[in-house]
Amino acid sequence: MAKRIQARRLEGVDENIWVEFVSLAAQYKTVNLGQGFPDFPPPRYVREAFSKAITGEQTLLNQYTRAFGHPPLVKALAQFFGPLFGKELDPLSNVMVSVGAYGALFCSFQALVDEGDEVIIIEPFFDSYEPMTLMAGGRCVFVSLRPTSAGDGKPPSSGDWRLDPAELEAKINKNTKMLVLNTPNNPLGKVFTKEELEEIANICIKYDLICISDEVYEWLVYDGNQHVRIASLPGMWDRTITIGSAGKTFSATGWKVGWAFGPDSLLKHLRTVHQNSIYHCATAAQEAVAQGFLKELERQGKPDCYFLQLRDELQKKRDRLYHCLTEVGMTPLISQGSYFMIADVSRFKSQVPPPTDPNIPYDNYFTKWMMKHKQLAAIPVSAFYSAPHKKQFENYIRFCFVKEDATLKAAEKILQKWSSESPGPQD
C-alpha cells in the first residue's frame, strides 16, 4: 500500500517553506514583511465593480461564464495589451484567464512539459516552478543570476545580478524544451534589460525553446527602469507564454484572477488542461477586473492612472525600508521592481553565529532568530534556490515593502531600536 501511494515526482519538494514561516510569523506576533501581499485595499472603482457584479441586476454574473475567460475580460485584456506586444490579439485564441497566475503557470507546465523534458529555470526563482515541472514529469536545470560589482561607488542594486549567456547555452541539450523567465524577478527585484532579454531570446530561437515569461509585477518598475515583454521581441511571440496577474495589477491578490497570453498553437494546449482541471474562475471577480482595465485604458499614461500612482507610492515605501535596513547594519539591494527587496545579513554572523548544522542555510536560521527575538518577519532567499545552490546564496533575506504606512512604521520602530542596541548572540 505504501508503495502504491508514494508521490515519486514530488520527492524533495513536498515540504513548503511558506507553511512553516507563516506559522512562525503568527506564533511570534511579528510585523510581517515576509509574505508578498498588500495590506491595503484595491482601488475603489474595482471594489465597487465587484460589489455591483454580485449584488446588481445581472444575476448571471453569479454563475458560470466562458471557461477560458469571461468575454468582457478577455476582450479588455486583448485591447489593453495588444499594443504592448505590438500585435492585434484575438480575445478568444490569444488570451486565457485562469485562477490567478498560479493557475496559468500550472496549465503551462502541465500542457507543454512531457516526461523527460528539461526545463531551464533562472535562479533565484518563484518556488512553484520546480514542483510544477516535476509534477509534469520534467527535469529542472538551474542557471543562477550572479552578483557583479556596481562600480563607481554606487550602492548595490538588483540590476547588478547578471545571467551568463554562455553558462545558459552550455546547459542546453537535445532534451531541453523550455526556459522559465521571471521579470521583474521575485525575490530579487531585478528588471531584465532589453539587451539581456535579447540574449535570452536569441538562445531560445537558436535552440527552438518555449519560453514561459512570468511578468506579474510588470507595472511595478522603479527609478525609470522599463519593463520589456520578451514576447514583443522578434521571433519570440510564437514560442512564448506570458503570464499576468490581476492580484498584482490591482492589489487584489485574494481575487485569484490571472491570465496567459500567447499564440493559439500553444494556448490551445493550456485550454485543454484548464478545461479538465481548473475549468473556471469567479465570474464576478473577472467582471470587476474587466471594468478595471477599461477604466485604466481611458487613463493610460495620465497622472490619474492607477498603475503609475501605485508604482510611485511603492517606490517611496521601498526607499523608506531601504534606509531602515541600512541603519540596522544590513546591506539591502535597491530593488528595480516587484514587491520585494533583499538584504545581505552576513555582517550579523558575529552577533548571530551560524547554526551548528552545516546543512541549514544561514538565512533560514537568521530569519527565525529575527522573528523570535525582534518580532520582524522576512523570508530566507535560499528558499528561492535549488537544493544544490542554497548554501551559495545563504546570506540574503527577502522583505516585502508593499504594506500600509502603519505596518512599515511598526517595522521601522523595530529596526531603529535594534540599531541602537548592542545585540549579542541569543538562543
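Side chains included, hydrogens not; waters and symmetry mates left out as well; all remaining heavy atoms used.
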**Prompt:** Are any of the side-chain nitrogens in D363 or K368 under 4.0 Å away from the carboxylate oxygens of its partner?
**Reply:** no
- Is the Lys NZ or Arg CZ of R347 less than 6.0 Å from the centre of Y362's six-membered ring, within 45° of the axis? no
- [ ] Measure from the side-chain N and O atoms of K248 to the backbone N and O of Y217, and report whether any donor-acceptor pair falls under 3.5 Å.
- [x] no
Is the backbone N or O of S335 less than 3.5 Å from a side-chain atom of R318, with the two atoms forming a donor-acceptor pair by type? yes
Do L145 and P124 come close enough that some side-chain heavy atom pair is under 4.5 Å?
yes
Does either side chain, that of D214 or that of Y129, offer a donor lying less than 3.5 Å from an acceptor on the other one? yes
- Task: Can you establish whether the number of heavy atoms outside E195 located under 6.0 Å from its atom CD is more than 12?
- Result: yes
- Message: I'd like to know whether F37 forms a ring pair (Phe, Tyr, Trp, His ring centres under 6.0 Å) with W18, so could you lay out the CA-CA distance, the side-chain angles of the two residues, the decisive distance to 0.1 Å, and finally the verdict.
- Response: CA-CA 13 Å; F37 64 87; W18 302 104; over 10 Å; no
Minimal heavy-atom distance between M371 and A25, with the atoms involved, is CE-N, 3.2 Å
Legend entry - Close side-chain approach of Y222 and L220, heavy atoms under 4.5 Å: yes
Taking the ring centre of each residue, are F125 and F142 less than 6.0 Å apart?
yes
Shortest non-hydrogen pair, D127 vs A383, comes out as CB-O, 4.2 Å
Could you check whether any side-chain heavy atom of I379 comes within less than 4.5 Å of a side-chain heavy atom of F384, counting everything from C-beta outward? yes
**Asked** When you check the side-chain N and O atoms of T249 and Y306, is any donor under 3.5 Å from an acceptor?
**Response** no
Nearest heavy-atom approach of V113 to G138 is CG1-CA, 3.7 Å
Between the OG atom in S108 and the CE atom in M132, the distance rounded to the nearest 0.5 Å is 9.0 Å
Query - Any donor-acceptor pair under 3.5 Å from R299 side chain to K302 backbone - result: no
Verify whether one side chain among N32 and K403 offers a donor that lies under 3.5 Å from an acceptor in the other.
-> no
**Asked** Is any side-chain heavy atom of I203 less than 4.5 Å from a side-chain heavy atom of P165?
**Response** yes
Is a donor from one side chain sitting under 3.5 angstrom from an acceptor on the other, for E169 and Y207? yes
Original post:
Judged by atom type as modelled, is there a donor-acceptor pair below 3.5 Å linking the side chain of N94 to the main-chain atoms of G262?
Top reply: yes
Can you find a side-chain donor-acceptor pair between S23 and E20 that sits under 3.5 Å?
no
Original post:
Is there a donor-acceptor contact under 3.5 Å from the side chain of Q375 to the main chain of V31?
Top reply: no
Task: Neighbour count >12 (heavy atoms, 6.0 Å) for atom CD, E88 - done: no
Tell me if a side-chain donor or acceptor on R398 pairs with a main-chain N or O of V381 at a distance below 3.5 Å. no
Determine whether the aromatic ring centres of residues W255 and F50 are separated by less than 6.0 angstrom.
yes
From the list K317, Q315, R311, Q309, side-chain contact (heavy atoms from CB on, under 4.5 Å) partner of E313 resolves to K317
* Do other residues, nucleotides or ligands put more than 12 heavy atoms under 6.0 Å from K256 NZ? -> yes
Could E118 and K171 be called an ion pair, given the rule that one side-chain N must be under 4.0 Å from one carboxylate O? no
Considering only NZ, NE, NH1 and NH2 on the basic side and carboxylate oxygens on the acidic side, decide whether R271 and D264 come within less than 4.0 Å. yes
Of all heavy-atom pairs linking A76 and A290, the shortest is CB-O, 4.1 Å
Query raised in the report: Would you say N364's side chain and I360's backbone share a donor-acceptor pair under 3.5 angstrom?
Result: no
Checking the side chain of T283 only, and the main-chain atoms of Q63 only, is there a donor and an acceptor separated by less than 3.5 Å? yes
* **Salt bridge present between E421 and K374 (N-O < 4.0 angstrom)** => yes
Exercise. Ring centroid separation for Y339 and F401, is it under 6.0 angstrom?
Worked result: no
Would you say D160 and S149 make side-chain contact, with heavy atoms under 4.5 Å? no
* **Pair Y102 and F126, ring centroids less than 6.0 Å apart** => yes
| request: Report the C-alpha distance between L24 and Q27 in whole Å, list the side-chain angles of each, state the deciding distance to 0.1 Å, and finish with yes or no for side chain to side chain contact (heavy atoms under 4.5 Å, CB included). | output: CA-CA 5 Å; L24 289 173; Q27 177 184 339; 3.7 Å; yes
Distance col, row Q35:CD vs T253:OG1, nearest 0.5 angstrom, shows 9.5 Å
For P42 and V46 the tightest heavy-atom approach is CB-CG2, 3.8 Å
request  = Hey, can you tell me if F261 and F81 have their rings parallel, tilted or perpendicular (30° and 60° cut-offs)?
outcome  = tilted
Is R146 salt-bridged to E167, going by a charged N under 4.0 Å from an acidic O?
yes
4.5 Å side-chain heavy-atom contact, F293 and L77
yes
Rounding to 0.5 Å, atoms OG (S213) and CG (L197) come to a distance of 7.5 Å
### Query
If you draw a 6.0 Å radius around NZ in K391, do more than 12 non-hydrogen atoms from other residues or ligands fall strictly inside?
yes
- Pair F366 + F348: ring centers closer than 6.0 Å: yes
query: Between the side chains of S386 and E123, is a donor N or O closer than 3.5 angstrom to an acceptor N or O?
result: yes
*Would you mind checking if E196 and R162 are paired as a salt bridge, meaning a charged N to carboxylate O distance below 4.0 Å?*
yes
- Message: Please evaluate residues M178 and F109 with respect to the criterion side chain to side chain contact (heavy atoms under 4.5 Å, CB included), reporting the C-alpha separation (whole Å), side-chain torsions for both, the decisive distance (0.1 Å), and the verdict.
- Response: CA-CA 9 Å; M178 180 185 290; F109 284 98; 4.2 Å; yes
Output for pair (D223 CG, D319 CG), nearest 0.5 Å, gives 7.0 Å
Exercise for the section: With K190 as the cation and F192 as the aromatic partner, state whether NZ or CZ is under 6.0 Å from the six-membered ring centre and within 45° of the axis. Expected result: yes
Could you give me the CA-CA distance, side-chain angles and deciding distance for F68 and Y279, then say whether ring pair (Phe, Tyr, Trp, His ring centres under 6.0 Å) is met? CA-CA 8 Å; F68 308 122; Y279 175 61; 8.2 Å; no
Here the pair of heavy atoms bringing Q416 nearest to E327 is CG-OE1, 4.4 Å
Do any N or O atoms from the side chain of H227 and from the backbone of W219 form a donor-acceptor pair under 3.5 angstrom? no
Could you check whether any side-chain N or O of Q336 sits under 3.5 Å from a backbone N or O of V191, counting only pairs where one atom can act as donor and the other as acceptor?
yes
Working note: Y322 + F399, criterion ring pair (Phe, Tyr, Trp, His ring centres under 6.0 Å); need CA distance, chi angles, decisive distance, verdict. CA-CA 10 Å; Y322 176 88; F399 292 93; over 10 Å; no
- Query: Going by atom types only, do D39 and T407 share a side-chain donor-acceptor pair under 3.5 Å?
  - Reply: yes
| Residues K409 and E412 bridged, charged N to O under 4.0 Å | no
Next on the checklist: Under 3.5 Å, is there a donor on one side chain and an acceptor on the other for N185 and W161?
Outcome noted: no
Check your understanding: NZ of K194: more than 12 outside heavy atoms within 6.0 angstrom?
Key -> no
Assess the side chains of N186 and S338: does a donor N or O sit below 3.5 Å from an acceptor N or O? no
